[in-house]
Amino acid sequence: EGKLSEDIAVQPISNYGIGKNTLRIYLQALQNHHDFQLKWIRLFYNYGKTNHSNSLFSQLEKAISSNESHFNLSQGDQLRDYLHFDDLIASIEKISLQLRITGIINCCSGKPTRVIELVEELIQNKNSSIQINRGFYPYSKLEPMHFWGDPTKLMSI
């Protein structure tokens, strides 16, 4: 829960999270034998130009373009850290080209945003009349209700 810094202890519970963390640990250990800089970019949520069909915002855009009357959502009170795709790409470029900051680097906005607020903003920006069906989905048991990134390292880059 809350703001996640780069030095927070990670305790992944999904196979995907365990796999990513295992790779990071392996690469860090490899630095003991080979001279290289490791910049482990921790991505938070992004929206905008995405092809990920399972993302919330891709599904919303599909529903809007299909002229659906309703869009199913949880209550939407989760706080998440959203970064527009263009800002994500610019941040990754800056992280990659600099040599000062290494290790885990949060690629995030640092601003907690309620899911429902961003969904409503995207609907408004698309001039859509689609209705949000809040409470259709339960909250995920695999994620905390409120978390966002600490962009301190990113801002120093």
Side-chain angles (χ1 to χ4, degrees), residues 1-24 39-98 101 103-157:
E1 292 280 338
K3 185 188 283 190
L4 304 178
S5 68
E6 287 95 349
D7 59 357
I8 192 169
V10 243
Q11 298 173 338
I13 57 173
S14 70
N15 288 337
Y16 177 67
I18 292 167
K20 287 191 309 183
N21 194 48
T22 301
L23 176 60
R24 180 186 59 82
K39 298 170 192 168
W40 187 264
I41 302 174
R42 183 184 291 155
L43 303 178
F44 283 74
Y45 294 90
N46 67 80
Y47 67 99
K49 303 170 193 165
T50 178
N51 291 328
H52 191 274
S53 61
N54 290 332
S55 78
L56 172 66
F57 301 109
S58 291
Q59 291 177 18
L60 176 58
E61 287 196 5
K62 182 179 178 187
I64 290 171
S65 67
S66 300
N67 292 319
E68 294 183 25
S69 61
H70 289 82
F71 182 71
N72 295 328
L73 190 66
S74 68
Q75 282 296 330
D77 291 321
Q78 312 93 311
L79 290 177
R80 296 293 184 260
D81 193 316
Y82 291 101
L83 195 59
H84 190 274
F85 185 79
D86 293 337
D87 296 326
L88 171 74
I89 297 304
S91 295
I92 291 173
E93 180 181 30
K94 288 176 184 172
I95 292 167
S96 300
L97 295 177
Q98 59 84 38
I101 308 292
I104 297 172
I105 302 168
N106 286 341
C107 192
C108 60
S109 70
K111 298 173 188 153
T113 302
R114 286 181 49 223
V115 171
I116 188 66
E117 291 171 359
L118 191 54
V119 167
E120 290 171 342
E121 179 183 320
L122 293 173
I123 290 172
Q124 184 178 4
N125 289 346
K126 295 279 186 182
N127 294 319
S128 173
S129 60
I130 195 167
Q131 298 297 307
I132 303 169
N133 185 16
R134 290 182 75 175
F136 184 84
Y137 296 112
Y139 290 124
S140 172
K141 294 179 178 166
L142 297 177
E143 292 183 327
M145 272 295 286
H146 308 112
F147 70 92
W148 61 94
D150 177 355
T152 300
K153 281 186 175 182
L154 182 61
M155 294 298 108
S156 70
I157 295 171

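Worth knowing before you read on, the calculation uses all heavy atoms, side chains too, and leaves out hydrogens, waters and symmetry mates.
Using modelled atom types, no side-chain atom of Ser66 and backbone atom of Glu68 make a donor-acceptor pair closer than 3.5 Å. At least one donor-acceptor pair closer than 3.5 Å links the side chain of Ser65 to the backbone N or O of Lys62. No side-chain donor-acceptor contact under 3.5 Å links Asp81 to the backbone of Cys108. Side-chain atoms of Lys39 come within 3.5 Å of backbone atoms of Ser96 as a donor-acceptor pair (strictly under, hydrogens ignored). Side-chain N or O atoms of Glu1 include none that pairs as donor or acceptor with a backbone N or O of Pro144 at under 3.5 Å. Here the side chain of Lys94 pairs no donor or acceptor atom with the backbone of Ile157 at under 3.5 angstrom.
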- Message: What verdict does the side chain to side chain contact (heavy atoms under 4.5 Å, CB included) test give for Val115 and Tyr82, after you've listed the backbone C-alpha separation in whole Å, the side-chain angles of each residue and the deciding distance to 0.1 Å?
- Response: CA-CA 9 Å; Val115 171; Tyr82 291 101; 3.2 Å; yes
- Item | Test log, rule side chain to side chain contact (heavy atoms under 4.5 Å, CB included), inputs Arg80 and Phe147 | CA-CA 6 Å; Arg80 296 293 184 260; Phe147 70 92; 3.4 Å; yes
- Query: Stepwise, does the side chain to side chain contact (heavy atoms under 4.5 Å, CB included) test hold for Met145 with Leu79?
  - Reply: CA-CA 6 Å; Met145 272 295 286; Leu79 290 177; over 6 Å; no
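Legend: side-chain hydrogen bond (donor to acceptor under 3.5 Å, both in side chains) pairs involving residues 9-23, not counting sequence neighbours, sorted by first then second residue: Asn21-Arg24.
Counting heavy atoms from C-beta on, the side chains of Ile101 and Ile95 never come closer than 4.5 Å. Here the side chains of Leu73 and Leu60 are not in contact, with every heavy-atom distance at 4.5 Å or above. With contacts defined as side-chain heavy-atom distances shorter than 4.5 Å, the pair Gln131/Phe71 does not qualify. Side-chain contact between Leu83 and Cys107 is present, with heavy atoms from C-beta onward closer than 4.5 Å.
Contact record, Gly135 with Gln75: CA-NE2, 3.3 Å, taken as the closest heavy-atom pair. Residues Leu4 and Phe44 approach most closely at CD1-CE2, 4.2 Å, considering heavy atoms. Counting all heavy atoms, side chain and backbone alike, Ile105 lies closest to Gln98 at CD1-NE2, 4.5 Å. When all heavy atoms of Ile8 and Ser5 are compared, the pair lying nearest together is CG2-O, 3.1 Å. Between Gly110 and Trp148, the shortest heavy-atom distance links the atoms O-CD1, 3.7 Å. Taking all atoms of both residues into account, the shortest heavy-atom contact from Pro138 to Ser74 is O-CB, 4.4 Å.
Distance check: Ile41 CD1 to Ile104 CD1 gives 12.0 Å after rounding to the nearest 0.5 Å. Note that NE2 of His146 is 8.0 Å distant from CD of Gln78, once rounded to the nearest 0.5 Å.
We find that Asp77 and Arg134 are joined by a salt bridge, their nearest charged nitrogen and carboxylate oxygen being less than 4.0 Å apart.
With hydrogens and angles left out, the side-chain atoms of Asn72 and Asn133 include a donor and acceptor closer than 3.5 Å.
Qualifying salt bridge (charged side-chain N to carboxylate O under 4.0 Å, His left out) partners for Arg42, counting only residues two or more places apart in sequence or in other chains: none. When the side chain to side chain contact (heavy atoms under 4.5 Å, CB included) test is applied to Glu121, the partners found at least two apart in sequence or on another chain are Leu118, Asn125.
Relative ring orientation between His84 and Tyr47 is described as perpendicular, the plane-to-plane angle rising above 60° on a 0-90° scale split at 30° and 60°.
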